[in-house]
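The analysis underlying the following values was restricted to heavy atoms, covering all of them including side chains, and did not include hydrogens, waters or symmetry mates.
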Amino acid sequence: MQQKIPEEIIDQIVTKNDIVDVIGEHIQLTKKGRNYFGLCPFHGENTPSFSVSPDKQIFHCFGCGKGGNVVKFIMELESITFREAVQYLADKSGESLPEQYVQSSNQPALSEQEKSALDAYEWSSKLFHHVLRYTAEGKNGLKYLENRGFKQGDIEQFQLGYSPNKDQFLSTFLHKKGFQLTNLLDVGLLSSRDGNTFFDRFKGRVIFPIQNHQGKVVGFGGRAIEDGVEPKYLNSPDSKLFQKGKLLYNFYEARKHFQKEKEVILFEGYADVIKASQAGVYNAVATLGTSLTKYQASLLKRYVNRVVICFDGDKAGKDASYRAAQMLKDVELDVLVANVPYQLDPDDFIDTYGPEKFQNQVLRNAESYIAFALNYLKKDYNLQSKNDQLDYIEKALDLIATVDHAVERDVYIKELEETFDLYRETLENEIADRRRINQKHIEQDNRVKFEENKEKRTKRAEKIYPAYQNAERYLIAHMLQNNYVANQVQDQLGSKFNMQEHQVLVTYLYAYYEEGNEPNVGRFLERLPDESIKQLVSELAVLPINESLEREELDDYLFAILKEADVDQEIRSLEKMLKNAEKENDPKSAARIGMKILELRKKSNKSKL
């Protein structure tokens, strides 16, 4: 039978994982006052509404309402169970979670079939790597990689492998390991023509294992090494485990590097990332054979301020760079574009000219998005034609007008002036006009965003709550931080709160303090069995309150709460009288009592009309 992890072990692990440090590894946080703020990873937003409190060791999003302690954050972010999140944090802080507690939850985030598929991918990855490194069957794959400039260190670091050119090499291996082969069709490890006979999907290919953001192998990229084999590149198909539009190659390993540098290098292929690593570039990721998606762009936005796009130097690479740059600009990232000379791939350039030239001539010479876009747009125009010149200049002016830095704008204006023999004053006037129009649009957009955010805030603001409910909310906020206040409230009020969810919450809180615990919202959250109550605690814990509660303020809260309770009691009494009047066929009395009930309900903001 599965054993519950003792609270003292959970407390020890949570204490070793400061919530600001843990969340700071996943999103950019900025300190404002006593708390930290960033863009919420759980819903799309451009204005930070995600708050992290180092004092209370909790997070709360004022936009979507999610909140909790560090364990809850990891559960939500990685879509894993409580037990798995505790294990994750234990591993992170170097704690040793006793073996009897390292078991899957009774309610796993993944189905048994999906967990089996993860195990199958892990075994397959180890098998392919072993074949490549240590068997005669892997010699062709090893020779291919060596000819491509991959070193033994690369093969180990990225766990590259080779799938022998045999129909049932992997399927036989996995069957002997006890896997149900039919379950491995959907996740793309195997193929089948009739549902009964199974074939290896990646046979005859060099294997690039693809990890998810937790470092687990969830898919493969396979590269054919023999001429004429199509497709040349083959990925695992999309499944719950593997979604090309949501993953980036090498993300798990590169995260600690690009988060520190606040900059990531974005490539198109696995080989580019591996060769870049040879060149000392460790903050590199790659798309998985598809165009960059909004999800991937937003994911990078959590960690970095700048993305350097380094795609292939040919026309297709330039087109892909332009699309990716626009996607990244849409999520308000700073974008640079590195131009790889001679229409080479980045990995070919590194092989031909070496790591130093790649660093100095390619990456460090990366141009701004505007500079790249101005050159890129020229391909659509015949600049020998006056009409096309004018059309291009209009487009160029639109782009330049978006640049906020005057010196940078001046560089682009000067280039237009000299290239097309234009008057400087005319160009500056055109830019100024466009900037005024742009500014109006920005202000309008900001007003819309402000109103949207205001509406979100208003939904949780004090004024939407009646006085007694606000009193309960703020009183509980004090009780969460001060056990002396909680004891006073327990003596004078007990659980006689008007809101049912508040009654439940304070009952748990009283018990928490009676066990001898000190005020600690993060620790208290772990004692709560109900998700809705946890959410309520995280919301109330971030209410702006004074550190101490004066007696007069406490009395005001208690008065508002008890007054509402008296009104409730009076309403219940009048309702009994109303029933009696109706039974006795006394319409005048019934009407008078009914009016009184309506009046009381209106006063208490509980009118059902």
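Side-chain atoms of Asn483 never come within 3.5 Å of backbone atoms of Met479 as a donor-acceptor pair (strictly under, hydrogens ignored). Between the side chain of Lys301 and the backbone N or O of Glu332, at least one donor-acceptor pair lies under 3.5 Å. Judged by distance alone, with hydrogens and angles left aside, the side-chain atoms of Gln296 form a donor-acceptor pair with the main-chain N or O of Thr293 at under 3.5 Å. A donor-acceptor contact shorter than 3.5 Å is absent between the side chain of Gln259 and the backbone of Ala254. The backbone N or O of Ala286 sits nowhere less than 3.5 Å from a side-chain atom of Asn250 that would complete a donor-acceptor pair.
For Asp21, there are no salt bridge (charged side-chain N to carboxylate O under 4.0 Å, His left out) partners two or more places apart in sequence or in a different chain. Judged as a side chain to side chain donor-acceptor pair (under 3.5 Å), and not counting sequence neighbours, Gln214 has no contacts. Residues passing the side chain to side chain donor-acceptor pair (under 3.5 Å) test with Tyr369, sequence neighbours excluded: none. By the ring pair (Phe, Tyr, Trp, His ring centres under 6.0 Å) test, Phe497 pairs with no residue at all, sequence neighbours left out. Residues satisfying the salt bridge (charged side-chain N to carboxylate O under 4.0 Å, His left out) criterion with Lys16, sequence neighbours excluded, are Glu95. Residues passing the ring pair (Phe, Tyr, Trp, His ring centres under 6.0 Å) test with Tyr249, sequence neighbours excluded: Tyr270. Taking Tyr282 as the reference, His257 meet the ring pair (Phe, Tyr, Trp, His ring centres under 6.0 Å) condition, with sequence neighbours excluded. Under the side chain to side chain contact (heavy atoms under 4.5 Å, CB included) criterion, Glu501 pairs with Met499, Ile533, Leu536, not counting sequence neighbours. Listed by chain and residue number, Glu263, Asp334 satisfy the side chain to side chain donor-acceptor pair (under 3.5 Å) test with Arg306 (two or more places apart in sequence, or in another chain). In this view, Tyr295 satisfies the ring pair (Phe, Tyr, Trp, His ring centres under 6.0 Å) rule with no residue, not counting sequence neighbours. Among residues two or more places apart in sequence or in another chain, the side chain to side chain donor-acceptor pair (under 3.5 Å) test is passed with Asp55 by Arg34.
Closest non-hydrogen pair, Asn17 versus Leu89, comes out as ND2-O, 3.2 Å. The heavy-atom pair separating Ala471 from Ala560 by the smallest distance is CB-CB, 3.9 Å. Minimum interatomic distance between Thr47 and Leu39 (heavy atoms only, all atoms of both residues): C-CD2, 3.9 Å.
Sorted by first and then second residue, the pairs that involve residues 503-531 and meet ring-ring contact (aromatic ring centres under 6.0 Å, His included), not counting sequence neighbours, are Tyr512-Phe524.
Between Tyr474 and Tyr557, the angle of the ring planes stays under 30°, which puts this pair in the parallel group of the 30/60° scheme. Using the six-membered ring where Trp is involved, Phe42 and Phe59 have ring planes that are tilted, between 30° and 60° apart. A perpendicular orientation is assigned to the rings of Tyr303 and Phe251, their planes being inclined by more than 60° (bins at 30° and 60°).
For the pair Arg523 and Glu526, the salt-bridge criterion is not met [side-chain N within less than 4.0 Å of a carboxylate O]. Between Glu539 and Lys66 there is no salt bridge, since none of the side-chain N atoms of the basic residue sits less than 4.0 Å from a carboxylate O of the acidic one.
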(request) In sequence, state the C-alpha distance, the side-chain angles, and the governing distance for Leu299 and His213, and then conclude on side-chain contact (heavy atoms from CB on, under 4.5 Å). (result) CA-CA 11 Å; Leu299 175 65; His213 302 162; 3.4 Å; yes
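Of the options Arg302, Arg255, Lys92, a side-chain contact (heavy atoms from CB on, under 4.5 Å) to Glu25 is made by Lys92 and by none of the others.
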